[in-house]
Amino acid sequence: MSAVNDTKLNSAVFFLTGIPGKEDVHLWISIPFCLMYVISIVGNSVILFIIKTDPSLHEPMYIFLSMLAITDLALSITSMPTILGMFLFNSREISLDACFAQVFFIHFLKCIESSVLLLMAFDRFTAICNPLRYVSILTLPRIGKMGLVCVLRGVALILPLPFLLRRFRYCRANVLSHCYCLNQDVMKMACSDIRVNSIYGLSVSAFTVWLDSMLIFLSYVMILKTVLSITSHAECLRALNTCVSHLCAVLLFYTPMIGLSMLHRFGEGSSLLLQIPLGYIHVLVPPVMNPIVYSVKSKHLRARIIRVFIK
């Protein structure tokens, strides 16, 4: 009898949430989301095309940028279909398996993006603090190995998440907080003890987001120390200007991600007015803004893009 009851209680779907109280204008809200999706796909695709076709951009900084663009493209493709389905067609249901798959890909791609931002910080650190050895340190084979390590780290850390979620029974309302599936959101729907998942999730965050952000911070401390030792004011500004794009990407990525993670884990009574915008910013804004920021700040990239579109 207990087994029968468990089967009845175990829901087969989760329900996605748009913007509570604004259901009547979801169709209008979908317009900016569609625009962001198009900008993300087109912007990152253009950057990849320009870097691939222009041999003068086959340098470490632009190779790392292409890694970031690939990650952002994949993140948009992974998260946007359920978001647009929710706002355009009121498609709220998502199966458990589809949700677990989305959990893996979103967290995996976020882990990859964090790793790439760390590699880009290392690139800036080497270029400014050790410019004479820049070319010998960041060789193409070594960059390829760095990218492979990023992927392997992401797989090793994130792959257990969907399997840990699959072992639970889900017998509550199963209404998620967002239009997509996140590990910390899904595990709250379980009717079992989630301490193992919570501890593992915190450990993953510690070994990815917190560790990477700390190393990025330390790299910029060393960069600032080196730049301040430069006697020429113009050279000092030129060196700092090469870091602006990366700093913007770091802030766009880590600020909403850390804020949302803290709200889900420790902000039980936090306002939805804060949680919902952070949820969308955390997934949608970096893929949209990164190509724009780099296109505006990089003279070489901007010139190539203008030349392509003028032709």
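The shortest heavy-atom contact between Cys34 and Leu84 is SG-CD2, 3.7 Å. A pairwise comparison of heavy atoms in Val227 and Ala239 identifies CG2-CB, 4.0 Å as the closest pair. Shortest non-hydrogen contact noted between Ser245 and Tyr294 is CB-CE2, 3.5 Å. Here the closest non-hydrogen pair linking Glu113 and Leu75 is OE1-CD2, 4.2 Å. Among all heavy-atom pairs drawn from Leu284 and Val288, the shortest one is O-CG2, 3.3 Å. In terms of heavy-atom proximity, Pro287 sits nearest to Pro291 at O-CD, 3.3 Å.
Leu68 and Val149 are assigned to two separate hydrophobic clusters, defined by single-linkage of ILVMFWY side chains at heavy-atom distances under 4.5 Å. The hydrophobic clustering, which links ILVMFWY residues whose side-chain heavy atoms are closer than 4.5 Å, places Leu251 and Met289 apart. A continuous path of hydrophobic side-chain contacts links Phe163 to Phe108 [ILVMFWY only; heavy atoms under 4.5 Å]. Under the 4.5 Å side-chain heavy-atom criterion for Ile, Leu, Val, Met, Phe, Trp and Tyr, Tyr134 and Met222 are members of the same hydrophobic cluster. Linking Ile, Leu, Val, Met, Phe, Trp and Tyr whenever their side-chain heavy atoms come within less than 4.5 Å puts Val151 and Val116 in one cluster.
Atom CE of Met67 is separated from atom CG of Leu48 by 11.5 Å, given to the nearest 0.5 angstrom. Note that CZ of Phe64 and CD1 of Ile143 are 4.5 Å apart. Values are rounded to the nearest 0.5 Å. Distance NE2/His107 to OG1/Thr208: 10.0 Å, rounded to 0.5 Å. Rounded to the nearest 0.5 angstrom, Leu118 CG and Ser213 OG are separated by 9.5 Å. Here Ile41 contributes atom CD1 and Ser76 contributes atom OG; the two are 5.0 Å apart, rounded to the nearest 0.5 Å. The CG atom of Leu240 sits 7.0 Å away from atom CG of Leu224, with the distance rounded to the nearest 0.5 Å.
Judged by distance alone, with hydrogens and angles left aside, the side-chain atoms of Ser114 form no donor-acceptor pair with the main-chain N or O of Cys111 at under 3.5 Å. Using modelled atom types, one side-chain atom of Asn290 and one backbone atom of Pro286 make a donor-acceptor pair closer than 3.5 Å. No donor-acceptor pair under 3.5 Å is formed between the side chain of Ser198 and the backbone N or O of Arg195. Under the 3.5 Å distance criterion, the side-chain polar atoms of Ser40 are left unmatched by any main-chain donor or acceptor of Met36. Between the side chain of Thr255 and the backbone N or O of Leu252, no donor-acceptor pair lies under 3.5 Å. One N or O on the side chain of Arg142 and one on the backbone of Ile137 form a donor-acceptor pair closer than 3.5 Å.
In this structure Val209 satisfies the side chain to side chain contact (heavy atoms under 4.5 Å, CB included) test together with Tyr254, Met257, Ile258, sequence neighbours excluded.
No side-chain donor from either of Thr53 and Arg304 sits under 3.5 Å from a side-chain acceptor of the other. Of the N and O atoms on the side chains of Asp54 and Ser56, at least one donor lies less than 3.5 Å from an acceptor on the other residue. For the residue pair Gln102 / Thr82, a side-chain donor-acceptor distance below 3.5 Å is found, with atom types taken as modelled.
Put simply, the side chain of Phe122 reaches to within 4.5 Å of the side chain of Met146, judged on heavy atoms. Side-chain contact between Gln184 and Leu202 is absent, with no heavy-atom pair separated by less than 4.5 Å. Two residues are said to be in side-chain contact when any heavy atoms from C-beta on lie closer than 4.5 Å; Phe87 and Leu27 fail this criterion. The side-chain heavy atoms of Pro256 and Val285, taken from C-beta on, include no pair separated by under 4.5 Å. The shortest side-chain heavy-atom distance between Thr17 and Cys179 does not fall under the 4.5 Å cut-off. At least one side-chain heavy atom of Leu117 sits under 4.5 Å from a side-chain heavy atom of Phe253. Tyr180 is not listed as a side-chain neighbour of Cys99, based on a closest heavy-atom distance of 4.5 Å or more. For the pair Ser45 and Leu73, the minimum side-chain heavy-atom distance is below 4.5 Å.
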Pair Arg167-Val196, side-chain contact (heavy atoms from CB on, under 4.5 Å): steps then yes or no: CA-CA 12 Å; Arg167 63 197 180 92; Val196 172; 3.6 Å; yes
Determine, step by step, whether Ile305 and Val46 satisfy the side-chain contact (heavy atoms from CB on, under 4.5 Å) criterion, reporting the C-alpha distance in whole Å, the side-chain angles of both residues, the deciding distance to 0.1 Å, and the verdict. CA-CA 8 Å; Ile305 292 172; Val46 166; 4.2 Å; yes
Carefully, step by step, assess Ser177 and Ile276 under the rule side-chain contact (heavy atoms from CB on, under 4.5 Å). CA-CA 7 Å; Ser177 305; Ile276 290 172; over 6 Å; no
Pair Cys181-Ile106, side-chain contact (heavy atoms from CB on, under 4.5 Å): steps then yes or no: CA-CA 8 Å; Cys181 299; Ile106 287 179; 6.0 Å; no
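Atom NE2 of His58 sits in a crowded spot, with more than 12 heavy atoms from other residues, nucleotides or ligands closer than 6.0 Å. When the shell of 6.0 Å around CZ of Phe49 is examined, it contains 12 or fewer heavy atoms from other residues, nucleotides or ligands.
In this pair, Tyr170 and Phe14 present their aromatic rings perpendicular. The plane angle is above 60°, beyond the 30 to 60° band. Ring-plane geometry between His300 and Tyr62 is classed as perpendicular, the angle between the planes exceeding 60 degrees on a 0 to 90 degree scale with a lower cut at 30.
Within the structure, salt bridge (charged side-chain N to carboxylate O under 4.0 Å, His left out) pairs that include any residue of residues 123-138 do not occur (at least two apart or interchain).
A salt bridge links Asp212 to Arg153: one of the charged nitrogens lies within less than 4.0 Å of a carboxylate oxygen.
Taking the six-membered ring for Trp, Tyr220 and His246 have ring centres closer than 6.0 Å.
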